[in-house]
Structures are given as structure tokens and as C-alpha cells.
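First the structure, in the form of C-alpha cells, and then the observations on it.
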Amino acid sequence: MSGPQEIARGLTERRATLGEAVPVLRTAGLQAASDAALLAVPGFQRLHAERWDPPLPELETLAALPVGSFGHAYARYMEHYRLSPDFFPIQTRLGADATPTQYAVHRLNKSHDFIHVLGAYETSDADEVAIQSFVFGMAPVALVTFLAEAAVHPDIQHARYKHLRDIYAGHIQVEDFERGAAASALLGERLETLWEVPLEELRQRLGIAARAPEYLGRGGENSCGGFTTIPFFTATGAT
């Protein structure tokens, strides 16, 4: 039987949609294989054992960090798009019985905007599909678990979550999947302790390859009514 990563890559190569990936990877055997793969990521086993779950950051504090740092870039990104760190508070399980995959669902949901900054993804509808493709490359079963739970969450019908509802029809992007697959180290990092690290240095540390120039600096609509379509990233980094 193929493992979750091989199945996910096959779905990606045949241009499946994110919605089509959900039933394929939501099997008991693949959940167990996902748990094992996550525990093999350096640092993740300890995070899971601790159920490490720090509070969301204070953006005002991060904005005072040096220009070029991860924290400063994140604070400016959130201000640029007028985003709230708790945009989609989906129910998660962090109790003693939380599996590694369930814990990863929580961490990836909570770290979603961190990954936007690390991966140089805007908030446009197109880049929301791209970032989900990136996460699919890192932790495919965790992502489809989130998508399955989000699909039945009562809040998803709110107008502000239209782009999330539309994600299921988005085709998994090969380049973003491969970027995510190469950046699995992100899953074992305590990102909330790395705010002062230079953003470019952190990207290199996590194995996040530079995004192709043709995808940087592109404006795009966010169907949930974002406050700006002016891109945050350019070919030379954050603006």
C-alpha cells in the first residue's frame, strides 16, 4: 500500500482538486501512516507530547522588531491585509488523546498566516489554493482532515469564509506541493519563538525554496472582500 505522501503526489500530478483529495486520504490506515510520518519529523514528537500551544502573538510587539525579521514581516503582513490572527477558529483536539495528525491540524490552522509569510503567499483566491497546496505537500492527511472538518463547521457559511468554501474546487498546484514537501522541517519548529530571526534566514533553515518570480507581486481578488488587492510581496521580498 502506498503511503500518504506518494498518494498525495499522485493526486497532485493528475491535477486533482483539494476536495477530491479528502475522501482518498481520510482512511484509518493513512491516518496511522500520517501519525508515524509526523513523529519522524525532527522536533515534532516533543511538540506533540507537550501539546505545545502558545498564545497568539501581539502584533504591536512584533511590529517593533527589526526590519527584515520574521516577526516584523508577519506584523506588517497582517496590517497590510487587516487580518486577525484568529480568522477561522475551527474546533481542534489538544487533549491527551489527540493523535499526532490531530495536533498537526491544530498547529497548521493556527500557523496559517505564519506560512503565508514564510512561503510568500498573498491572500488572493489563487494564492489561498497555492498555500493549501504547499501544506498538502508537508502534511497531506492533516490538511484533508482540516478540510473535512471545516466543510461541516457551521461558521463556514459566513460570507467572510467564501474563499475557504471555494478552496475545495481548487486544483492542487504541483510547484507549491513540492515546495511544501521539501519544507517538512516547519512542522517541528516552535515558530512563535523565532520572531527575531531574519525572514530569509528562517526560510533557508526550513527548506522553503524561493517562490518563482512570476508568482510574486501579483495582485488578486479575495472573494471574502479583502481590504486591499495590492500585493505585499515583490520579486525582492516584502514591500
Side-chain angles (χ1 to χ4, degrees), residues 1-45 47-48 88 90-94 98-116 118-121 125-153 156 163-189 191 203 206-209 211:
M1 175 181 175
S2 297
Q5 196 69 19
E6 292 77 13
I7 294 172
R9 181 167 278 108
L11 288 164
T12 301
E13 290 173 350
R14 70 172 178 83
R15 294 278 292 160
T17 66
L18 288 161
E20 289 171 337
V22 174
V24 176
L25 287 163
R26 287 277 285 169
T27 69
L30 292 177
Q31 289 277 331
S34 170
D35 290 343
L38 287 165
L39 291 174
V41 173
F44 183 88
Q45 185 171 9
L47 293 182
H48 173 248
F88 190 69
I90 191 171
Q91 296 288 331
T92 54
R93 294 177 58 184
L94 288 180
T99 66
T101 299
Q102 289 167 339
Y103 175 72
V105 170
H106 174 80
R107 283 296 294 157
L108 289 168
N109 183 43
K110 195 168 183 178
S111 303
H112 181 78
D113 290 322
F114 307 167
I115 300 171
H116 265 282
L118 290 166
Y121 292 108
D125 290 350
D127 268 13
E128 289 295 343
V129 172
I131 192 175
Q132 298 295 354
S133 300
F134 178 93
V135 174
F136 192 61
M138 281 198 302
V141 177
L143 178 67
V144 301
T145 299
F146 167 77
L147 292 175
E149 294 173 357
V152 296
H153 194 286
I156 201 173
H163 77 285
L164 180 54
R165 295 196 301 275
D166 292 346
I167 276 173
Y168 298 85
H171 292 275
I172 305 163
Q173 302 297 299
V174 174
E175 180 176 342
D176 298 292
F177 173 88
E178 295 298 347
R179 287 183 83 212
S184 63
L186 187 155
L187 295 164
E189 289 286 353
L191 294 175
R203 285 170 172 162
L206 298 176
I208 300 175
R211 203 167 182 207

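As the structure is a prediction and not an experimental result, all values here were calculated from the model. Note that the numbering runs from 1 along the sequence shown for the chain.
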>> Does Gln45 have more than 12 heavy atoms from other residues, nucleotides or ligands lying within 6.0 Å of its CD?
In response: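 No, not enclosed.
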What's the shortest heavy-atom distance between [X] and [Y], and which atoms?
X      : Y      : result
Ala183 : Gly207 : CB-O, 4.0 Å
Pro4   : Ser34  : CG-N, 4.2 Å
Ser184 : Val41  : O-CG1, 3.4 Å
Ala104 : Ala142 : CB-CB, 4.0 Å

Less than 4.5 Å apart, side chain to side chain, heavy atoms only: is that true for [X] and [Y]?
X      : Y      : result
Ile131 : Asp127 : no
Leu108 : Met138 : yes
Val141 : Arg26  : no
Val129 : His171 : no
Val144 : Val24  : no
Glu189 : Leu186 : no

[atom2] on [Y] to [atom1] on [X], rounded to 0.5 Å:
X      : Y      : atom1 : atom2 : result
Phe146 : Leu18  : CZ    : CG    : 11.0 Å
Gln132 : Ile167 : CD    : CD1   : 4.5 Å
Leu191 : Leu118 : CG    : CG    : 6.5 Å
Arg9   : Ile172 : CZ    : CD1   : 12.0 Å

Side chain of [X], backbone of [Y]: donor and acceptor closer than 3.5 Å?
X      : Y      : value
Tyr121 : Phe134 : no
Arg179 : Gly119 : yes
Thr27  : Leu30  : yes
Asp176 : Ser133 : no
Glu20  : Thr17  : yes
Tyr168 : Ala151 : yes
Glu6   : Gly3   : yes

> Just checking, any donor-acceptor pair under 3.5 angstrom between side chains of Gln173 and Thr12?
Replying inline: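 Absent: no donor and acceptor within the cut-off.
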> Going through the checks in order, is the side-chain contact (heavy atoms from CB on, under 4.5 Å) test met by Leu143 and Leu25?
Replying inline: CA-CA 10 Å; Leu143 178 67; Leu25 287 163; over 6 Å; no
> When you check the gap from the basic side-chain N to the acidic O, do Arg211 and Glu175 get nearer than 4.0 Å?
Replying inline: no
>> Quick one, Val105 with Glu149, criterion side-chain contact (heavy atoms from CB on, under 4.5 Å). Give me CA distance, side-chain angles, the key distance, then yes/no.
In response: CA-CA 10 Å; Val105 170; Glu149 294 173 357; 4.3 Å; yes
> How are the rings of Phe44 and His48 set relative to one another: parallel (under 30°), tilted (30 to 60°) or perpendicular (over 60°)?
Replying inline: parallel
>> One pair to check against side-chain contact (heavy atoms from CB on, under 4.5 Å): Tyr103 and Leu38. What are the steps and the verdict?
In response: CA-CA 10 Å; Tyr103 175 72; Leu38 287 165; over 6 Å; no
